[in-house]
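The structure appears below as structure tokens.
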Protein chains: 2
Amino acid sequence: MKQRRVTLADVARRAGVSSPTASLVLSGRGSELRISEAAQQRVQEVAAHLGYRPNIVSRGLRKGSSLTLGFVSDTVATSQLAGDLIKGALEAAHDRGFMLFIGETEGDPALERQLLDALLDRQVDGIILASMFTRSRSVPAGLGAVPAVLLNALGEDLDAPLPTVVPDEMDAGRRAARLLLDAGHRRIHVIGAGPTADLVPPGTVAGRDRLAGILEVLAAAGVQVVSGHLCDEWLPANGYAATRRILDAGGGQDAIITFNDRLAFGAYQALQEAGLAVPSDVSIVSFDDHPLADWLRPGLTTFGLPHEQLGRRAVEILLEVVRARAGTGEAPSGVERLPMPLRTRGSVATCSTRP
Amino acid sequence: MKQRRVTLADVARRAGVSSPTASLVLSGRGSELRISEAAQQRVQEVAAHLGYRPNIVSRGLRKGSSLTLGFVSDTVATSQLAGDLIKGALEAAHDRGFMLFIGETEGDPALERQLLDALLDRQVDGIILASMFTRSRSVPAGLGAVPAVLLNALGEDLDAPLPTVVPDEMDAGRRAARLLLDAGHRRIHVIGAGPTADLVPPGTVAGRDRLAGILEVLAAAGVQVVSGHLCDEWLPANGYAATRRILDAGGGQDAIITFNDRLAFGAYQALQEAGLAVPSDVSIVSFDDHPLADWLRPGLTTFGLPHEQLGRRAVEILLEVVRARAGTGEAPSGVERLPMPLRTRGSVATCSTRP
DNA sequence: AACGCATGCTAACTCGGTTTAGCACGGTCG
DNA sequence: CGACCGTGCTAAACCGAGTTAGCATGCGTT
């Protein structure tokens, strides 16, 4: 049972060569270093026959690289996002022969330090620092020692910025506004922030950027936000309350942009109570593509987060940084923004009283 | 920036001793091997001052252990369960100084082999083989080479069984039945399997065990299942259809055990349409504690899966196996069943017409 | 003076690979 | 005949720790 692993020395012995020779052959540098065809063939055959697999730990000790990345996140379990982010990262890593260490900080900086140390102790080739909701964060010291990428978080250190991958919230804001304009809507309300660009919940990048995108497009079309509703939190109850206010103010032919789907749930509830129908009376477009968005009747039209894509790109960019440090290729830098996919369902209707 | 790590040799040099001496001191075997107090003190001070951390890769090469475990799952992202299982495992591992490699097989045996190989190449000390829904599975060859534990899955190889951690489905079945009996119910229906023990969806351990537990308790109380509804799948539509059949058959004072919460959603819907109220007309108890179970009105009383506990225990047992292989302690074996926590909400009422 | 013994440390090897420098051999050329 | 060169390989060092065997030194005995 507990059979010993086949080592390079085993292969070399059985092939009648020295272990450096076997190493050269198996790393493809055989011809370059003038190992005879015959010897190369023998080594290859023996290696295949014995099922030789190089010990990555040992190789890592010599080469400094371990074919291993660290993925440190504030949360791994509480949201669908977390799982998909990890899934994307896992797949991208596996495609390139890398394995991923996963760590969870629970937002605790001390724990984060411990995890980063534990990763460095294990000679990881690079580290992804992920956050489950897009936010600004400081970058812990000591990360300079190893390639690193920020995922779904924006770094605050502007002198030593890390490459960063985030969803393109501003673009999604623009598209949400354009979607409503194109459907003929002119009476547009915003729930979650606004009506002016400075009225956003503190610390949320998503809120700021979504609002900025919305306002930009509306301004360009000469349309003003009818009302904006800054909320403490983005929960159904807040959406409900804001929608009640909108309805109480009267109007008609309204469209609402909710800043996340839970706000939209509350809006649906308030509209239903008021005897109004989505979308014929009120159109709604939202953000996040919550699993429940598809359960609502009518289905909620919403901009989803490109979860797996984010995870994938983080790994891809990280590996580019790794290669750049090794001297091959250009080091990526700056912020990469990934488009948020629109899930068109049934909550937006063409406005009937087009002026 | 790219500062070199502090090595044992650095510490030794600065402390004016040889590296073996430093190694002995730092591994706590200094006194045992008669290193003078003075020398020990100097080494400790220098190590602390330089912030020395041993390179685990190197240590692993020598000692064969890497303070690293592998967690291979068929899925990491599609369910809450997956995330929580991982979270529990992560925490337990971190508490003991271990890091976790995560891998996702997507149910593909070839991919599973690749991942296991990749883990073995990295000298992991042990491997957790997890499944996201409890089921039987064959254990891949080659796992004998390294300690391993099955998580939320039952192995099919009975000659070389792996230690296993699963939720205690049969116990939950018993408790569900007892819950209804204690509330005075005698007209009990089962949706998802039954009415007899052999009528379960193929391959689902959960179905078989839940049903067995239910039938055992009912039989002991001299109560027969009024009707059982074996379904192809456990989806809302199936729950809806089965509930319609129950209502069409007439009766009154019914109680329903649904085999998962999605079946219960369908049951709620059918009851609502029929103008019946939960729980005053029909009581429902279910399994899984789906995130939506708390959103239903009334809240669904359901047995949850002990997600994090499962992950934790898997790591703990795995590390016991590791220690046992190293010669310390007893090797655990057999199947450990973790109790499923009951979430009491509002879907079960005391039966008014108690005979 | 020779021996034994405890003390305090280190040389040398090990793990499994990679890398560099260079040896041995045969043939060619001046 | 010796210098030179290309061929085909290997010895030896290296990565950073852990481990074992044993060497000095000083002290007390016989």
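Chain letters run A, B, ... following the sequence lines, proteins first, then strands; residues in each count from 1.
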List the steps and the verdict of salt bridge (Lys or Arg N to Asp or Glu O under 4.0 Å) for B:Arg96 and B:Glu91.
CA-CA 9 Å; B:Arg96 290 162 183 74; B:Glu91 286 177 359; over 6 Å; no
Give one of base, sugar-phosphate or nothing for [X], where a contact means two heavy atoms less than 4.0 Å apart.
| X | result |
| --- | --- |
| B:Ile56 | nothing |
| A:Thr7 | sugar-phosphate |
| A:Val57 | nothing |
| A:Pro20 | base |
| A:Ser36 | sugar-phosphate |

State whether [X] and [Y] are salt-bridged, where the test is any N-O pair (Lys NZ or Arg NE/NH1/NH2 against Asp/Glu carboxylate O) under 4.0 Å.
| X | Y | value |
| --- | --- | --- |
| A:Arg137 | A:Glu156 | no |
| A:Arg323 | A:Glu320 | no |
| B:Arg42 | B:Glu45 | no |
| B:Arg14 | B:Asp10 | no |
| B:Glu308 | B:Arg312 | no |

Nearest to side-chain heavy atoms of [X], which nucleotide of [options]:
| X | options | value |
| --- | --- | --- |
| A:Leu33 | D:dC9, C:dC9, D:dA17 | D:dC9 |
| A:Arg62 | C:dC9, D:dC9, D:dC14 | D:dC14 |
| A:Ser58 | C:dG17, D:dG18, C:dT19 | C:dG17 |
| B:Arg29 | C:dG16, D:dT20, C:dT19 | D:dT20 |
| A:Ile35 | D:dC9, C:dT19, C:dT14 | D:dC9 |

Report the distance from atom [atom1] of [X] to atom [atom2] of [N], rounded to the nearest whole Å.
| X | N | atom1 | atom2 | answer |
| --- | --- | --- | --- | --- |
| A:Asp10 | C:dC15 | CG | P | 11 Å |
| A:Leu26 | C:dT19 | CG | P | 13 Å |
| B:Glu37 | C:dC9 | CD | C1' | 15 Å |
| B:Asp121 | C:dG17 | CG | C1' | 13 Å |
| A:Leu61 | C:dT14 | CG | C1' | 12 Å |
| A:Lys63 | D:dG16 | NZ | P | 16 Å |
| A:Leu8 | D:dT10 | CG | P | 12 Å |
| B:Leu67 | D:dA17 | CG | P | 14 Å |

If the helix axis at each end comes from five base pairs, how far does the helix from C:dA1-D:dT30 to C:dG30-D:dC1 deviate from straight, to 10°?
100°
Decide whether B:Thr105 and B:Asp74 meet the rule of one side-chain donor and one side-chain acceptor closer than 3.5 Å.
no
Does the side chain of B:His94 pick up a donor-acceptor pair with the side chain of A:Gln114 at under 3.5 Å?
yes
Hey, is the side chain of B:Arg34 pairing donor to acceptor with the base of C:dG8 inside 3.5 Å?
yes
Confirm from the modelled atom types if A:Arg59 and C:dT18 form a donor-acceptor pair under 3.5 Å, side chain to base only.
no
Taking only N and O in the side chain of A:Tyr52, is any of them less than 4.0 Å away from OP1 or OP2 of C:dG17?
yes
Does OP1 or OP2 of D:dC9 have a side-chain N or O of A:Thr21 closer than 4.0 Å?
no
